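Bear in mind the structure is a predicted one, so any value in this text is a computation, not a measurement.
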Amino acid sequence: MVSSTLVLLLLCANVGKALESCNPGKTTCVTEDLLHMIMRAGPTLKDDLERRPTFFASLKTSQTLSNIKDIVKFDDAKINIGGGYDSRTGIFTAPRNGIYIFSCTIMATGNNDVQFQLNKNDQLYTGGYAAKSNYGAQTVNSLVELKTGDKVYVKHRTGKAENVHGYHFSTFSGYLLSK
């Protein structure tokens, strides 16, 4: 989509020069008709970028994970274009098919550790480990191919109680990279 839009923009720029010699409304000016057809077709690159699903959320207060099924609920969604991220559940639901990039930073409280994972539809996709040190943290980045309705979230990886540091040090974000 992006490359075809760029080609159309370049074509339009060159066709525009040819239009200077065209008489508007004449059926013999195929170039003018083609340009008008192209300009009426579909969204522009700017429109596509403005509608691209994108979110960024952080954790306001520290969260204790005690069960292997616990999902980290990044409760402060600062950006949520397309409405795919739900801060109440911590789950991103893909509004469109495509290749998405996700980034998750988890910081452990104090001198503890946190074992976590990025899940796609209830399956491990990428593991993470915020090491035991003075507020140790880890960032995990993943490219994920999603279909509309697929779910991505960050969850606890053990049954041992662990604390994720809040105060906006732990974050989760994602966006549609390509179709």
Side-chain angles (χ1 to χ4, degrees), residues 1-3 5-6 45-179:
M1 173 79 180
V2 173
S3 61
T5 304
L6 291 175
L45 177 61
K46 180 179 182 266
D47 291 338
D48 184 55
L49 289 174
E50 288 175 355
R51 290 191 322 264
R52 192 170 291 199
T54 305
F55 77 95
F56 175 83
S58 61
L59 192 61
K60 285 192 247 182
T61 58
S62 297
Q63 194 174 103
T64 300
L65 306 173
S66 56
N67 187 310
I68 197 163
K69 295 179 182 180
D70 286 348
I71 295 173
V72 182
K73 296 171 185 79
F74 298 89
D75 53 356
D76 190 9
K78 296 177 184 306
I79 298 171
N80 195 9
I81 297 168
Y85 181 73
D86 184 342
S87 58
R88 292 172 292 122
T89 64
I91 298 173
F92 173 78
T93 304
R96 292 170 41 182
N97 293 349
I99 306 294
Y100 288 76
I101 186 165
F102 292 94
S103 181
C104 170
T105 299
I106 295 290
M107 177 181 275
T109 57
N111 194 27
N112 298 299
D113 59 354
V114 176
Q115 297 180 53
F116 64 97
Q117 64 191 51
L118 183 77
N119 268 29
K120 174 187 172 185
N121 295 332
D122 300 324
Q123 297 295 315
L124 167 69
Y125 196 82
T126 309
Y129 180 73
K132 189 178 263 194
S133 66
N134 191 19
Y135 291 94
Q138 183 184 30
T139 298
V140 171
N141 297 302
S142 302
L143 290 169
V144 185
E145 185 172 9
L146 298 177
K147 303 271 189 244
T148 302
D150 282 346
K151 299 186 181 315
V152 176
Y153 54 91
V154 178
K155 73 177 272 300
H156 197 212
R157 207 172 67 205
T158 73
K160 174 183 111 181
E162 297 174 329
N163 295 309
V164 179
H165 191 61
Y167 308 99
H168 308 286
F169 284 96
S170 296
T171 62
F172 183 37
S173 62
Y175 64 92
L176 175 65
L177 189 59
S178 68
K179 293 181 183 181

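Atom CE of Met107 and atom CG of Leu59 lie 11.5 Å apart (nearest 0.5 Å). Summarising the geometry, atom CD belonging to Glu162 is positioned 5.0 Å from atom CD belonging to Gln115; distances are rounded to the nearest 0.5 Å. Here Ser178 contributes atom OG and Asn97 contributes atom CG; the two are 11.5 Å apart, rounded to the nearest 0.5 Å. Between the CG atom of Asn111 and the OG atom of Ser133 there is a distance of 7.0 Å, given to the nearest 0.5 Å. To the nearest 0.5 Å, atoms CG (Asp150) and OG1 (Thr93) are separated by 9.0 Å. Distance CG/Leu146 to OG1/Thr148: 9.0 Å, rounded to 0.5 Å.
Within the 4.5 Å cutoff, no side-chain heavy atoms of Ile68 are placed close to those of His156.
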Quick one: do Phe169 and Tyr135 satisfy side chain to side chain contact (heavy atoms under 4.5 Å, CB included)? Show the steps, please. CA-CA 10 Å; Phe169 284 96; Tyr135 291 94; over 6 Å; no
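With sequence neighbours left out, the side-chain hydrogen bond (donor to acceptor under 3.5 Å, both in side chains) criterion links Thr139 to Thr105. Qualifying salt bridge (charged side-chain N to carboxylate O under 4.0 Å, His left out) partners for Asp76, counting only residues two or more places apart in sequence or in other chains: Lys78. Taking the side chain to side chain contact (heavy atoms under 4.5 Å, CB included) definition, one finds that Ser66 meets it with Asp70, Ala161, sequence neighbours left out. Partners of Asp86 by salt bridge (charged side-chain N to carboxylate O under 4.0 Å, His left out), not counting sequence neighbours, listed by chain and number: Arg88. Every residue meeting the side chain to side chain contact (heavy atoms under 4.5 Å, CB included) condition with Ile71, not counting sequence neighbours, appears here in chain and number order: Ile91, Tyr153, Lys155. Legend: residues meeting side-chain hydrogen bond (donor to acceptor under 3.5 Å, both in side chains) with Gln117, ordered by chain and number and at least two apart, are Asn119. Not counting sequence neighbours, Ser87 has no partner by the side-chain hydrogen bond (donor to acceptor under 3.5 Å, both in side chains) test. Contacts of Lys69 classified as side chain to side chain contact (heavy atoms under 4.5 Å, CB included), with partners at least two apart in sequence or in another chain: Asn67.
Residue pairs meeting the salt bridge (charged side-chain N to carboxylate O under 4.0 Å, His left out) criterion with at least one partner in residues 108-134, sequence neighbours excluded, are Asp113-Lys160. Pairs passing the ring-ring contact (aromatic ring centres under 6.0 Å, His included) check and including a residue from residues 90-115, sequence neighbours excluded, read Phe55-Phe92, Phe92-Tyr100, Phe92-Phe102. Pairs passing the ring-ring contact (aromatic ring centres under 6.0 Å, His included) check and including a residue from residues 108-128, sequence neighbours excluded, do not occur. Sorted by first then second residue, the side-chain hydrogen bond (donor to acceptor under 3.5 Å, both in side chains) pairs that include residues 164-177, not counting sequence neighbours, are Ser58-His168.
Between the side chain of Gln63 and the main chain of Lys73, a donor-acceptor pair closer than 3.5 Å is present.
Contact between Tyr85 and Gly90 at its shortest, heavy atoms only, is OH-CA, 3.3 Å. In plain terms, the two heavy atoms of Val140 and Gly127 that are nearest each other are CG2-O, 3.7 Å. Across every non-hydrogen atom of Pro53 and Pro95, the tightest pair is CG-CG, 3.5 Å. For the pair Ala137 and Ala130, the tightest heavy-atom approach, listed with the atom from each and the gap, is CA-CB, 4.1 Å. In this structure, Ser142 and Thr126 approach most closely via the heavy-atom pair OG-OG1, 2.7 Å.
A donor and an acceptor atom, one from each side chain of Ser62 and Thr109, are nowhere located under 3.5 Å apart.
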